[in-house]
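Some notes on the structure that comes next.
Side chains included, hydrogens not; waters and symmetry mates left out as well; all remaining heavy atoms used. Just so it is clear: chains get the letters A, B, ... in the order the sequence lines come, proteins before strands, and each one is counted from 1.
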There are 2 protein chains.
Amino acid sequence: MSSSNISNEALNIFRKGLAQFITFDENEWTEFISYLNYKTVEKKDHFSVKDKVCDDIGFIINGSVRYYHIKDGTEITGYFSFENEFVSSYKSYLTQQPCTGYIQALDKTALIIISSKNMDLMLKNPLLAYKMERFGRLVAEYYICCYEDRITSFITKTPEERYLIMLQTEPEIMQRVPQHYIANFLGITPVSLSRIRKRTLVFA
Amino acid sequence: MSSSNISNEALNIFRKGLAQFITFDENEWTEFISYLNYKTVEKKDHFSVKDKVCDDIGFIINGSVRYYHIKDGTEITGYFSFENEFVSSYKSYLTQQPCTGYIQALDKTALIIISSKNMDLMLKNPLLAYKMERFGRLVAEYYICCYEDRITSFITKTPEERYLIMLQTEPEIMQRVPQHYIANFLGITPVSLSRIRKRTLVFA
DNA sequence: CCAAAACGTTAACAAAAGATAAGAAATTGT
DNA sequence: ACAATTTCTTATCTTTTGTTAACGTTTTGG
């Protein structure tokens, strides 16, 4: 894991990615980027670890990560993040409580980082406060929608249905991550997913 | 379903409930409450219905509601809200897309309502905009934490474990809500929950 | 390039959950 | 108070999933 200055290329990618939520004028942008850091995480290294507070929210410039828990000595992968997405152990970041799981890079991953300290400073900086509150609101609302869908699928769908839906709605994830992580994500074992695949005979 | 003016008692309950997220000075409060409505929903009536946009977010003064989907003609209850909690079909409210499910009162329920139109107006009202952005952020972040926990439990726990944890962490819900709704909430059938209860022999 | 590790499939068996139906118990509405 | 409805349990049977282990393939790391 290394930190350094941020390239203009990375900043431009970030600015485009943020446009989904908020845009800055030049004054604001200049101020905003003074609060950012840059970090790279080598493949298999960890972005955050269990029992430590996750102090950072990251925006992935390139690479990918998974979030996993350990249960009975076995890793269980709960979600993934890819380029142009945020990654954090949100509950830990937001509440400053220790993480219950790990975030690990699946590839060498480059991120722009907003530390919780810098986020707090921006929320107190008159030039940025309003926009950062709004930014935080819109990002949180975006994730609420994602999470709501996911919970609904656990409640109303069978594992097989969740798999078939995922094939259609998230073909990218299906191709980029190992199948046993997908199984965890769907809430089943890798063996069970292999059987579902054989049963449904839908190979994308 | 009826609307009317809001009693001071209800407003005080609301103000206390909001204090978890945000406080208002008297000027702000006077302005804020001019955007609120009051509504009662009779037992078994609906707060929001499938295929219509959920235009309201409600704060429950008293009563309770459940959120359910219909799958193959059967109702599947996804969550509950009680006194001093918010209720909405959040994704529909936030994105202005039609609901995928129903929100129904379990008892006669009284709510203070923030319509999405009034929320938009407050977000444009200079006296309130900043605080409402912040309020929205904090509420959304609160729900992200709840949802994250729930997804993690679907990924890492068995139905039996989820039941036992729920007994400990949400005894209130267990007592107030019919068991077959709890089963849905846990992601299993009512018959299966009955078996788990027999197996574990833990009756609160 | 080779050994080790990781990954996916399959099989066999056990455990759990789903589906359906029947009946008891509790609640509700009139 | 009592009939109707809802709720919970139980039983039976089927389907699915979990568990463990074996095996072949692919990928990884030196």
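- We find that CD1 of Ile196(B) is positioned 14 Å from P of dT10(D), with the value rounded to whole Å.
- OP1 or OP2 of dA17(C) sits under 4.0 Å from a side-chain N or O of Arg199(B).
- The CG-C1' distance, from Leu164(B) to dA16(C), rounds to 15 Å in whole Å.
- The residues Arg15(B) and Glu26(B) are annotated as salt-bridged, a charged nitrogen and a carboxylate oxygen being separated by less than 4.0 angstrom.
- Between Thr189(B) and dA17(C) there is no side-chain polar atom (N or O) within less than 4.0 angstrom of OP1 or OP2.
- Side-chain nitrogen and oxygen atoms of Ser192(B) include at least one within less than 4.0 Å of the OP1 or OP2 phosphate oxygen of dG18(C).
- Taking the six-membered ring for Trp and thresholds of 30 and 60 degrees, Phe32(A) and Phe24(A) have nearly parallel ring planes, at less than 30 degrees apart.
- Within the structure, every side-chain polar atom (N or O) of Lys44(B) is placed at least 4.0 Å from both OP1 and OP2 of dT28(C).
- Following rounding to the nearest Å, Ile155(A) (CD1) and dG18(C) (P) show an atom-to-atom distance of 11 Å.
- Following rounding to the nearest Å, Tyr68(B) (OH) and dT6(D) (P) show an atom-to-atom distance of 13 Å.
- Geometrically, Arg66(A) engages Tyr68(A) in a cation-pi contact defined by less than 6.0 Å to the ring centre and at most 45° from the axis.
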Practice item. Please lay out, stage by stage, how Phe185(B) and Tyr79(B) fare under the test ring-ring contact (aromatic ring centres under 6.0 Å, His included). Key: CA-CA 6 Å; Phe185(B) 182 85; Tyr79(B) 72 74; 8.2 Å; no
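- Between Gln179(B) and dT9(D) there is a side-chain polar atom (N or O) within less than 4.0 angstrom of OP1 or OP2.
- Note on ring orientation: taking the six-membered ring where Trp is involved, the planes of Tyr181(A) and Phe80(A) are tilted (angle from 30° to 60°).
- For Lys108(B) and dT28(C), the NZ to P distance is 17 Å, given to the nearest whole Å.
- Map Pro159(A) and Val191(A) each onto its nearest nucleotide of DNA chain D; the residue landing nearer the 5' end is Pro159(A).
- Lys43(B) has its NZ atom 11 Å from the P atom of dT27(C), to the nearest Å.
- Looking at heavy-atom distances under 4.0 Å, Pro190(A) makes no contact with the nucleic acid at all.
- Atom-to-atom, CD1 of Ile76(A) to P of dG18(D) comes out at 10 Å; the value is rounded to the nearest Å.
- Atom CZ in Arg197(A) sits roughly 18 Å away from atom P in dT16(D) (whole-Å rounding).
- Where Ile188(A) and Arg195(B) meet DNA chain D, the nucleotide closest to each residue was compared, and Arg195(B) sits on the side nearer the 5' end.
- When the side-chain nitrogen and oxygen atoms of His180(B) are compared with OP1 and OP2 of dT6(D), none of them lie within a distance under 4.0 Å.
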